[in-house]
Structures are given as structure tokens and as C-alpha cells.
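Position 1 is the first residue of the sequence; numbering continues from there. Whatever order the structure lists ligands and atoms in, that order sets their numbers, starting from 1.
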Amino acid sequence: MGQRLSGGRSCLDVPGRLLPQPLPPPPPVRRKLALLFAMLCVWLYMFLYSCASSCAAAPGLLLLGSGSRAAHAPSTLTATREGALHRLSFRPPPATPLGVGQEVVEGAASQEEQSPEAPDSLSPISSFFSGSGSKQLPQAIIIGVKKGGTRALLEFLRVHPDVRAVGAEPHFFDRSYDKGLAWYRDLMPRTLDGQITMEKTPSYFVTREAPARISAMSKDTKLIVVVRDPVTRAISDYTQTLSKRPDIPTFESLTFRNRTTGLIDTSWSAIQIGLYAKHLEHWLLHFPLHQMLFVSGERLIRDPAGELGRVQDFLGLKRIITDKHFYFNKTKGFPCLKKAEGSSKPHCLGKTKGRTHPDIDPEVVQRLRDFYRPFNLKFYQMTGHDFGWN
Ligand SMILES: Nc1ncnc2c1ncn2[C@@H]1O[C@H](COP(=O)(O)OS(=O)(=O)O)[C@@H](OP(=O)(O)O)[C@H]1O
């Protein structure tokens with residue numbers, strides 16, 4: 001009684017008394033299985049951990065992972081960044097793209113197609129190791145313009161070690177403002193001291209409420225606008241819609257309200273977005289010009305390192321991204337990265353970027369050039385930069 005059982009008897013032979021027994025050493029197969037199981041658990045943990053942050057930025061997955069916590073966070077929030085208190089206890093009206101009337105085709109605030117470069121491109125392992133730091137509201141935002149080259153700029157900037165950015169477009173200031181700043185911040189990647197948090201949503205530039213809303217978050221927010229010849233921008237916009245809905249009317253017929261009189265349909269978003277001077281007026285009511293940087297979409301293709309140099313200076317970053325980072329991919333017809341962020345492989349943007357445009361009647365193109373000329377000149381005056389579109 002009370003002493004250990006020896007010989008062939010097991011502890012179960014003693015009713016009511018279960019005595020601790022040293023476990024026999026596991027046979028090699030069981031040991032290996034246990035090791036395999038432990039490794040599987042670690043891998044699963046790392047995978048779920050990284051998914052919790054990267055899935056939050058993916059629209060449609062917002063109710064999973066960390067995004068769900070934010071979605072249920074109270075809409076009244078105290079944001080700590082730069083000591084600013086933001087109280088958002090109201091339900092704002094839906095945001096309106098500036099002056100965009102009845103949409104014949106895809107609207108101004110349409111979402112970028114989710115090409116492979118759009119989601120947070122960190123691998124599970126690298127997100128696991130970047131789990132330190134904290135989520136901050138963005139200090140810099142690429143606010144436009146749609147089809148200007150915004151994805152290329154963000155992907156190039158992400159190569160910089162001091163830039164962390166959301167992959168997908170958050171559309172917070174136009175579509176999800178009522179979710180509150182806590183929700184928005186939760187979409188952001190973690191940053192360490194000295195790193196800049198960024199996002200890009202090109203529809204902000206044409207959203208009436210966006211300037212005031214961004215200024216309410218922080219009036220120090222740096223704004224980047226990638227602009228492109230409004231005529232090619234319109235054709236690019238149309239090409240994107242055509243790729244999804246091949247049955248839409250021709251570009252030529254959508255351009256005119258009345259083809260005989262040559263009256264341009266400025267309510268068509270593809271045309272409306274290109275009135276840069278008009279949109280800029282709204283931003284200048286809330287932000288000084290020096291807080292905005294205008295990147296040439298054309299130069300971003302011709303000389304990406306040159307344009308990235310300007311952007312790094314504007315953001316107060318060391319010029320780390322140089323021409324050593326790029327090569328021209330002849331098949332793609334565009335500059336690509338020699339190494340993408342978190343990878344050692346060359347990386348071009350996906351096939352939704354750099355599409356072949358349909359041939360447009362040259363007379364219509366000329367009519368559009370004439371139409372945009374005064375607006376372009378006004379835009380050059382306002383920004384102090386001649387983009388050479390005429
Ligand atoms: N390096 C590189 N690779 C591929 N594409 C490039 C690049 N730099 C700029 N561009 C131009 O970017 C245009 C798409 O612009 P956005 O990324 O702003 O489009 S979107 O609004 O986010 O849908 C896209 O327009 P399209 O050529 O009409 O497809 C490209 O011309």
C-alpha cells in the first residue's frame with residue numbers, strides 16, 4: 001500500500017489508487033511524430049498570426065482576423081497620434097465623387113482590380129517577424145488619380161525600408177468613413193519608430209468630402225497625386241471598364257453629350273476625373289500646396305528612379321530607391337523592380353496594369369485635347385509644374 005508497484009503490475013491494478021508512473025521512453029517513430037506535430041503547430045500559429053494582419057487589409061475579409069475587432073470597435077475613438085483627439089461619433093453621409101453625374105459605365109470611385117501586387121505582399125514568415133511595432137494612421141496618402149500610375153508608385157515606394165503600406169485600397173475616406181479611425185488604423189501594417197505608414201486610394205482625389213476628412217485626421221498628412229495626361233487617363237479608365245464589360249458603348253459615343261455639336265459629356269467619370277484643376281481647388285481649401293506632391297505618371301514610366309527621388313525627398317526619406325532598383329522589361333513594356341519588397345525576385349506589375357488601349361478616332365482624341373487644354377494650363381499654374389500634356 002502506498003508504495004510503487006513493481007513487476008508486471010500496472011497502476012490500474014490498484015483500484016482507487018492511481019500512482020504516478022514514469023513514462024517509458026517513446027519509441028523513435030512516436031518521437032518523430034511528436035516533433036512533426038510540434039512543428040506543424042508552430043507553422044500554423046505563424047500562418048494565423050500573419051493572416052490576422054494581412055487579411056485585415058483585404059476587402060471582403062474584413063470580418064476576419066484583426067479587422068473584425070476593429071469593425072466592432074465603437075465609432076467614437078481617441079486617436080493618440082501627434083496628440084490629436086478625433087471624435088467620430090456621427091454617421092456621415094455617403095461620400096460623393098465631385099460633380100460625377102449619372103454613370104454610364106464604372107463610377108469614379110471604383111475599386112482597383114485586385115492584381116497580385118495589391119494585397120499585402122509580405123510572406124507569412126516576414127509578417128511574423130514584423131509583428132513588433134504599432135499600427136499608426138497614415139502620415140502620407142496617395143490620393144489619386146485613378147489610372148495615373150498609383151499602384152506602380154506604391155509598389156516602388158514599398159521597397160524603402162522606412163515605408164510600410166497597406167496593399168489593398170482601404171477606401172476609408174470615401175466609402176467607410178462611418179467605421180471610424182480605429183477601424184482604419186487597424187488596417188495599417190505595424191511600424192517601428194521612424195517608419196512611415198502609407199496607403200493609396202485614387203478615388204480620394206475626386207471625393208468631395210475627402211479633403212476635410214483627411215485634414216480632420218491630421219492636417220499634417222502628406223498628399224501625393226500621380227497625374228497623367230487626362231486624355232490617355234480617360235482611355236485607360238475606359239479600357240479597364242471594357243475589360244470587365246465588353247458590351248459597353250464605344251469610347252467615342254460616351255465622350256459626347258452631342259456628337260454633332262461636339263459637346264463633351266463632363267458627367268462621364270472618365271472625363272470628369274481629368275479636370276485636375278477643379279478637383280485640386282477643393283484640396284487647397286484644406287491643405288497648403290507644399291503639403292502636396294504631384295508626380296508625373298509619364299515620368300514614372302520613363303524615369304522611375306528620378307520620380308522616386310522627388311517622392312523620397314518629399315517624404316523626408318533617405319534616397320535609398322535609385323535606378324539600381326529598376327530594369328526595363330521589354331515584354332511588359334514598363335519598368336519593373338529588380339527585387340520586390342520581401343523577395344529576391346524581379347517583379348513587374350500584374351496584367352491589369354499596362355493594358356493595350358483600343359484605337360480611338362483621332363478626331364475625338366483631338367477634340368478632347370482641346371477640351372482639356374485650359375484646365376491643364378490652370379493646373380500647371382496652380383502646381384507650378386508643366387506636365388507637358390499639350
Ligand atoms: N511600372 C509600371 N508597370 C505597369 N504600369 C505602370 C507602371 N508605371 C505606370 N504604370 C501605369 O499605371 C496605370 C494604372 O494606374 P493605377 O495603378 O493608378 O490604376 S488604378 O487606378 O489603381 O486602377 C497603367 O495604365 P494602363 O497602361 O492604361 O493600364 C500604366 O500605364
Side-chain angles (χ1 to χ4, degrees), residues 57 59 97 105-119 121 141-159 165-171 174-175 198-207 223-244 251 269-270 272-274 276 279 294-308 311 321 323 325-341 346-360 365 387 389:
V105 291
E106 188 181 342
S110 69
Q111 182 105 20
E112 177 185 31
E113 302 113 306
Q114 292 303 303
S115 48
E117 62 271 4
S121 57
I141 306 177
I142 300 173
I143 55 171
V145 299
K146 185 182 175 196
K147 306 318 289 178
T150 55
R151 174 56 59 191
L153 178 62
L154 192 70
E155 288 314 298
F156 296 166
L157 265 176
R158 289 173 86 171
V159 170
V166 192
E169 294 174 5
H171 281 274
D174 57 344
R175 295 187 198 159
M198 290 191 71
E199 69 121 315
K200 81 116 179 164
T201 305
S203 50
Y204 291 161
F205 189 60
V206 297
T207 299
L223 307 171
I224 300 176
V225 196
V226 189
V227 285
R228 178 183 187 185
D229 179 342
V231 181
T232 36
R233 197 221 68 81
I235 299 171
S236 169
D237 205 336
Y238 173 80
T239 309
Q240 173 172 314
T241 310
L242 191 67
S243 71
K244 292 179 200 158
F251 180 87
S269 70
Q272 226 279 330
I273 293 171
Y276 302 145
H279 303 301
F294 300 90
V295 171
S296 157
E298 286 83 12
R299 192 170 169 226
L300 190 62
I301 297 171
R302 222 176 35 244
D303 175 19
E307 221 46 8
L308 262 289
V311 178
I321 307 167
D323 44 8
H325 288 85
F326 302 98
Y327 74 100
F328 187 81
N329 185 305
K330 281 191 194 147
T331 319
K332 176 87 184 158
F334 283 91
C336 299
L337 285 168
K338 284 185 187 162
K339 285 179 192 175
E341 184 217 6
H347 174 69
C348 294
L349 298 196
K351 59 181 186 314
T352 63
K353 308 293 176 186
R355 291 187 176 104
T356 308
H357 296 175
D359 287 332
I360 306 296
V365 172
F387 290 89
W389 297 320

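- Taking a cut-off of under 4.0 Å to the non-hydrogen atoms of K200, the atoms of ligand 1 that pass are 22 (O).
- Minimum interatomic distance between H357 and T239 (heavy atoms only, all atoms of both residues): CD2-OG1, 3.7 Å.
- Side-chain N or O atoms of E307 include one that pairs as donor or acceptor with a backbone N or O of S296 at under 3.5 Å.
- Using a 4.0 Å cut-off to heavy atoms of Q240, the atoms of ligand 1 that qualify are 23 (O).
- Taking a cut-off of under 4.0 Å to the non-hydrogen atoms of S236, the atoms of ligand 1 that pass are 25 (O), 26 (P), 28 (O).
- With a 4.0 Å heavy-atom cut-off, ligand 1 is reached by no atom of H347.
- The heavy-atom pair separating C348 from Y327 by the smallest distance is SG-OH, 3.7 Å.
- Residue contacts with ligand 1 for T150 involve both N, CA, C or O and side-chain atoms from C-beta outward (heavy atoms, distance under 4.0 Å).
- Within the listing of ligand 1, atoms 26 (P), 27 (O), 29 (O) sit less than 4.0 angstrom from a heavy atom of R355.
- Remark: E155 engages R151 in a salt bridge, criterion side-chain N to carboxylate O under 4.0 Å.
- Of the polar atoms of H357, at least one N or O is found under 3.5 Å from an N or O of ligand 1, judged by distance alone.
- Every residue two or more places apart in sequence or in another chain that forms a salt bridge (Lys or Arg N to Asp or Glu O under 4.0 Å) with R233 is listed here: D237.
- Of the polar atoms of P335, at least one N or O is found under 3.5 Å from an N or O of ligand 1, judged by distance alone.
- Separation of the F326 and F156 ring centroids falls under the 6.0 Å cut-off.
- For K146, no nitrogen or oxygen atom sits less than 3.5 Å from a nitrogen or oxygen atom of ligand 1, counting backbone and side chain alike.
- Considering both main-chain and side-chain atoms, G148 comes within under 3.5 Å of ligand 1 through a nitrogen or oxygen pair.
- Close contacts between ligand 1 and E169 involve ligand atoms 22 (O) [criterion: under 4.0 Å to a heavy atom].
- Of the N or O atoms in G149, one or more lie within a sub-3.5 Å distance of an N or O in ligand 1.
- Residue contacts with ligand 1 leave out L300, since none of its heavy atoms falls under 4.0 Å from the ligand.
- The residue Y238 has no part lying near ligand 1, judged by heavy-atom distances below 4.0 Å.
- Of the possible polar contacts, none joining the K353 side chain to the A152 backbone as a donor-acceptor pair under 3.5 Å is found.
- With H279 contributing its side chain and Q272 its backbone, the two residues share a donor-acceptor pair below 3.5 Å.
- Residue F156 has at least one heavy-atom neighbour below 4.0 Å for each of these atoms of ligand 1: 1 (N).
- Checked by atom type and distance alone, the side chain of K147 never pairs as donor or acceptor with a backbone atom of Q240 at under 3.5 Å.
- In summary, E298 and R228 do not engage in a salt bridge, as defined by a charged side-chain N under 4.0 Å from a carboxylate O.
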